Each structure stands twice: as structure tokens, then as C-alpha cells.
Amino acid sequence: MTIKEMLKVELRDLVLLGIIVAMKIILSRFTVGTTIVHVSLGFIGSAMLGYLFGPVWGSVGGGIGDLVSSALFGNQGGFFLGFTLSAMVGPFIYGLVFYQKPVKIWRIILATLLVTVVVNIGLNTLWVHLLYGMDFRVALIQRIPKEAITPWLEMIISYFVLNAISRVKIKR
């Protein structure tokens with residue numbers, strides 16, 4: 001696939017992208033936890049963005065979703081561009097693993113673990129360290145229990161959501 005083909009987008013695709021971004025924003029509002037460690041359903045929107053739109057448009061949708069969410073609802077602790085980058089990297093990884101490929105359990109496990117390690121443990125811990133001046137190791141230790149449990153739930157939910165989308169034949 002060439003870069004020109006990856007960047008090509010039609011109006012109906014933009015409308016679908018907007019709907020999924022809106023859904024991601026709404027699902028991200030359902031959170032449990034503190035500013036440092038919280039769990040939300042926003043990963044569903046990220047996985048859908050990556051699956052339907054690929055790494056390029058999925059990451060654009062993730063970034064737009066974070067900016068719109070920050071503008072509408074604000075963020076605990078204020079806006080930080082690092083978290084916008086994290087919101088873009090998640091759908092990028094999902095897009096690399098899922099885009100135009102059949103839904104397989106090994107792909108779901110791979111994508112979820114990559115997002116967990118790279119984004120949730122790596123980048124987000126770094127952003128918390130930079131934003132709040134918290135020692136990196138302390139922030140990491142606080143986040144590890146959550147990151148040891150939630151990926152398994154995310155894998156199960158992602159399996160059902162992506163299988164449903166693939167059966168409905170929502171394609172770009």
C-alpha cells in the first residue's frame with residue numbers, strides 16, 4: 001500500500017471516523033481510579049480506529065479525540081501534549097496489527113500487550129513523571145498492578161467488539 005493510498009479518504013470515511021472518535025470520547029469518560037492510575041473503556045475506540053482506519057488515520061482520530069475531549073471536559077491536572085501523543089500511539093499500534101487483516105486471537109494478544117507496554121507502562125508513566133515530578137520508579141510501581149490485570153479484560157472485550165465489526169462488514 002502506498003502513502004497516497006493510506007492518506008486517501010472519502011467523506012463517508014470521515015463521517016465514520018468522527019462517529020468512532022465521538023464514541024471513544026464518550027467511552028473514555030467512564031473511568032475508575034485516580035489521576036495517576038485509572039481504568040477506562042477508551043481502548044475500545046482506539047482498537048476500532050486502528051482496525052477500521054489503519055495506523056495513519058487511526059492515530060489522527062486518536063489525537064483529535066484527545067484534543068476534543070480536553071476542550072470539552074478538561075483533564076485532571078490540565079492539558080499535556082504527551083498524553084495526546086499516547087492517544088495517537090495506541091490506535092497506531094492497533095492499526096499496524098489489525099488493519100485489513102482477519103481478527104485472530106494472537107493479533108488481539110499482540111496488539112493489547114504492545115499498547116500496554118509501550119503506551120500504558122512506558123509513555124504514560126513517563127508523562128506522569130514529567131508532569132507531576134514523581135519519581136519514575138514510584139510511578140511505575142503504582143501502575144504495574146493495574147497493567148498486570150486490565151490487558152486480559154481488554155483482550156476479551158476487543159475480541160468480541162472486533163469480531164462484531166468484522167461480521168457487520170464495516171469497511172473503508
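We number each residue from 1, following the sequence as shown. Note that the coordinates shown come from a computational prediction; the quantities given were computed from them, not determined experimentally.
In this structure, the side chains of Asp13 and Leu17 stay at 4.5 Å or more apart for every pair of heavy atoms. For the pair Met155/Leu113, a side-chain contact is recorded, criterion being any heavy-atom separation below 4.5 Å from C-beta on. Proximity of Leu52 to Ile20: side-chain heavy atoms (C-beta onward) are separated by under 4.5 Å at one or more points. Contact check for Leu67 versus Phe79: side-chain heavy atoms found under the 4.5 Å cut-off. Using a 4.5 Å heavy-atom threshold, the side chains of Phe98 and Leu162 count as touching. The side-chain heavy atoms of Val97 and Tyr51, taken from C-beta on, include no pair separated by under 4.5 Å.
Distance alone, capped at 3.5 Å, places no donor-acceptor pair between the Thr125 side chain and the Gly122 backbone. A donor-acceptor pair under 3.5 Å is absent between the side-chain atoms of Lys24 and the main chain of Asp66, judged by distance alone.
Under the 4.5 Å side-chain heavy-atom criterion for Ile, Leu, Val, Met, Phe, Trp and Tyr, Ile156 and Ile44 are members of the same hydrophobic cluster. Leu96 and Ile109 end up in different hydrophobic clusters when Ile, Leu, Val, Met, Phe, Trp and Tyr side chains are linked at under 4.5 Å. Clustering ILVMFWY residues whenever any of their side-chain heavy atoms sit less than 4.5 angstrom apart, transitively, puts Trp106 in the very cluster that holds Phe160. Under a hydrophobic-cluster definition in which Ile, Leu, Val, Met, Phe, Trp and Tyr are linked whenever side-chain heavy atoms come within less than 4.5 Å, directly or via other members, Ile93 and Leu110 are assigned to the same cluster. Cluster membership check: Val119 shares its hydrophobic cluster with Leu130, using side-chain heavy-atom separations under 4.5 Å among Ile, Leu, Val, Met, Phe, Trp and Tyr.
Contact detail for Asp135 and His129: the closest heavy-atom pair is C-ND1, 4.0 Å. Between Ser28 and Gly42 the shortest heavy-atom distance is OG-CA, 3.3 Å. Here the shortest heavy-atom pairing between Met134 and Val128 reads SD-CG1, 3.9 Å. Taking each heavy atom of Ser86 and Leu123 in turn, the nearest pair found is OG-CB, 3.6 Å. Taking each heavy atom of Phe53 and Gly58 in turn, the nearest pair found is CB-N, 3.9 Å. Contact detail for Ile25 and Phe73: the closest heavy-atom pair is CG2-CE1, 3.7 Å.
Rounded to the nearest 0.5 angstrom, Ile64 CD1 and Thr84 OG1 are separated by 11.5 Å. Note: Met48 CE to Met23 CE = 3.0 Å, rounded to the nearest 0.5 Å. Atoms CD1 and OG, on Ile105 and Ser158 in that order, are 12.0 Å from each other to the nearest 0.5 Å.
Among Ile121, Val138, Asn124, the one residue that satisfies the side-chain contact (heavy atoms from CB on, under 4.5 Å) test with Arg143 is Asn124.
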Point to revise | Residues Tyr94, Leu49; criterion side-chain contact (heavy atoms from CB on, under 4.5 Å); working and verdict | key: CA-CA 8 Å; Tyr94 286 123; Leu49 285 169; over 6 Å; no
Exercise for review: Using the side-chain contact (heavy atoms from CB on, under 4.5 Å) rule, take Phe43 and Thr112 through it: C-alpha gap first, then chi angles, then the decisive distance, then the call.
Suggested key: CA-CA 9 Å; Phe43 75 92; Thr112 305; over 6 Å; no
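Residue-environment remark: NZ (Lys104) stays at or below the threshold of 12 foreign heavy atoms within 6.0 Å.
The aromatic rings of Phe83 and Phe80 sit perpendicular, their planes meeting at an angle over 60°, well past the 30° parallel limit.
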